[in-house]
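See structure below.
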Amino acid sequence: NREGGITTRTDRVHTGGSAGLDLNGENMILGVWDGGRVYNNHPLLENRVTQQDNPSGYSNHSTHVSGTMIGTGSVIGGAAKGMAPLAELLAWDFAGDSPEMIGAAADGMLVSNHSYGMDIFNAELWQLGYYDQDAWAVDNIIYNAPYYLPVKSAGNDRQSGVNTGDGGYDYLTDSSLSKNNMVVAAVFEVLNYTGPNSVNMSNFSSWGPSDDGRIKPDISAKGVSMYSSVGPSSYSNYSGTSMSAPNTSGSLILLQQHYNEINGVYMLASTLKGFALHTADEAGSNPGPDYRFGWGLLNTERAAEMITNNGTETVIVEEEILTKEVYTFTVQSDGANDLVATLTWTDPPGIVLPPG
């Protein structure tokens, strides 16, 4: 976890970090849907997880993901410190997730983590890249709760041999094809980013695109050898996009915290996603977004800096534009730095086409 925070620059916005901020998740609540009950009394979690349902058993996977999201830095020398070490977590088993997500969003949840998905060995070839009912359901939830951003693991199937004809591409399934959520690829740790070649793709992370050509996954984070909580009181290294997703979700809640501390309100999920993509570090062999790394490596520090500098070096506008309405505003370049603009929105759920 500690190196995950270094990789995504999340450690820099913590108290004592080089960004000069104090963002640790104080008074913030995250959600997690996973494969079973979380060991809430694990020393890393400090009883800051509240199980919202009644799963039949405890889960090391759920506990590991939770530690990456909110693990304290006060045990084992901070080696397993999570991204939001003072936040709280509401936990559900992933069975029946859609109605639970609707309820949580209605209660004000801003960010949740979903490190699970379809078993690719049970999938038909046409289901790879296919915008299905699960993808539609997530888009529908977000469209009706526009401040809510679920973060989804891309999957670990690139070496499965299920789709050998596409050179490693076209392995995404179910809700990892949603338009409005945040889908996360897994890369190795990056302790010192010096350029795109600093970011090395894992050998398992599932690549896009969607069948309609959209960029998925959206972003990358550390998912190889993440050291986090398991069992009642143990720790272990796990690898997977299941690990890169909580590296991302735990980081994103800090951006909501920062925005709220400055503006007194939270930002739309589309704005939060836009911050992450706009400020990501370039990754991959070609400039710009791609179907492997998404828009690049999450950079929490730079995204927080954009929020801090709103009105001086950056401009953040949230507006509702009616059909055929024109909205215009003016910005001025400083003549030295690149002028970069990002437009994001929450899209209506798509049409689920007949399979085939």
Side-chain angles (χ1 to χ4, degrees), residues 3-4 7-8 34-35 61 64-65 68 94 113-132 134-135 138 150-179 181-190 196-226 237-249 276-277 280-298 355:
E3 287 73 25
T7 298
T8 55
D34 213 282
H61 189 277
H64 195 280
V65 166
T68 300
F94 56 55
N113 194 85
H114 305 262
S115 291
Y116 53 90
M118 177 186 292
D119 182 348
I120 201 165
F121 293 105
N122 294 331
E124 300 290 340
L125 193 60
W126 60 262
Q127 291 179 279
L128 308 185
Y130 172 65
Y131 185 88
D132 66 7
D134 289 335
V138 171
V151 176
K152 175 74 167 62
S153 56
N156 310 315
D157 298 316
R158 205 169 76 254
Q159 300 298 324
S160 66
V162 170
N163 185 21
T164 57
D166 286 332
Y169 292 91
D170 194 15
Y171 272 101
L172 300 179
T173 59
D174 62 79
S175 60
S176 61
L177 279 309
S178 295
K179 297 182 286 184
N181 64 358
M182 178 79 90
V183 178
V184 188
V187 298
F188 284 83
E189 65 185 41
V190 182
N197 291 334
S198 303
V199 189
N200 294 303
M201 176 59 61
S202 66
N203 65 359
F204 52 80
S205 188
S206 295
W207 295 347
S210 64
D211 283 351
D212 56 18
R214 286 179 291 113
I215 297 290
K216 285 286 178 174
D218 297 295
I219 206 158
S220 302
K222 185 194 171 192
V224 179
S225 295
M226 288 287 273
N237 283 303
Y238 283 10
S239 294
T241 57
S242 285
M243 286 63 249
S244 59
N247 186 185
T248 301
S249 57
L277 305 189
D281 287 318
E282 180 63 55
S285 53
N286 297 302
D290 59 51
Y291 299 137
R292 299 173 296 157
F293 297 91
W295 268 259
L297 181 66
L298 178 66

Non-hydrogen atoms of [X] and [Y] that approach each other most closely:
| X | Y | answer |
| --- | --- | --- |
| L172 | A154 | CD2-O, 3.4 Å |
| A135 | D132 | N-OD1, 2.9 Å |
| S244 | A221 | CB-O, 3.4 Å |
| M201 | R292 | CE-O, 3.4 Å |
| M182 | A276 | CE-CB, 3.6 Å |

Interatomic spacing from [atom1] in [X] to [atom2] in [Y] - rounded to 0.5 Å:
| X | Y | atom1 | atom2 | value |
| --- | --- | --- | --- | --- |
| D34 | N113 | CG | CG | 7.5 Å |
| L177 | L128 | CG | CG | 9.0 Å |
| D218 | N181 | CG | CG | 6.5 Å |
| I120 | Q127 | CD1 | CD | 9.5 Å |
| D290 | I215 | CG | CD1 | 6.5 Å |
| I219 | L297 | CD1 | CG | 7.5 Å |

Backbone N or O of [Y] within a donor-acceptor pair of the [X] side chain at under 3.5 Å?
| X | Y | result |
| --- | --- | --- |
| Y171 | N163 | yes |
| S176 | T173 | yes |
| N156 | T241 | yes |
| S153 | S242 | no |
| H64 | M243 | no |
| K216 | S178 | yes |

Side chain proximity check, [X] to [Y], heavy atoms < 4.5 angstrom:
| X | Y | value |
| --- | --- | --- |
| P196 | F293 | no |
| V162 | F121 | yes |
| K152 | V184 | no |
| D211 | D170 | yes |
| F204 | V224 | yes |

**Request:** Would you please test R214 and Y131 for side-chain contact (heavy atoms from CB on, under 4.5 Å) and show each step?
**Result:** CA-CA 11 Å; R214 286 179 291 113; Y131 185 88; 3.7 Å; yes
**Message:** Please enumerate all residues that pass ring-ring contact (aromatic ring centres under 6.0 Å, His included) together with Y130, with sequence neighbours excluded.
**Reply:**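 Testing Y130 for ring-ring contact (aromatic ring centres under 6.0 Å, His included), a comparison that skips the adjacent residues, returns W126.
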**Request:** Apply side-chain hydrogen bond (donor to acceptor under 3.5 Å, both in side chains) to T8 and list each qualifying residue two or more places apart in sequence or on a separate chain.
**Result:**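 Partners of T8 by the side-chain hydrogen bond (donor to acceptor under 3.5 Å, both in side chains) criterion, ordered by chain and then number, come out as T10, N247.
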**Pairs where residues 196-207 contributes a residue and the test side chain to side chain donor-acceptor pair (under 3.5 Å) is met, not counting sequence neighbours** =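 The answer is T194-S198.
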**Prompt:** Does the side chain of H114 pick up a donor-acceptor pair with the side chain of S175 at under 3.5 Å?
**Reply:**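 S175 and H114 do not have a side-chain donor-acceptor pair below 3.5 Å.
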**Request:** Report the relative orientation of the aromatic rings in Y169 and Y291; use parallel for angles under 30°, tilted for 30 to 60°, perpendicular for over 60°.
**Result:**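 Judged by the thresholds at 30° and 60°, the geometry between Y169 and Y291 is perpendicular.
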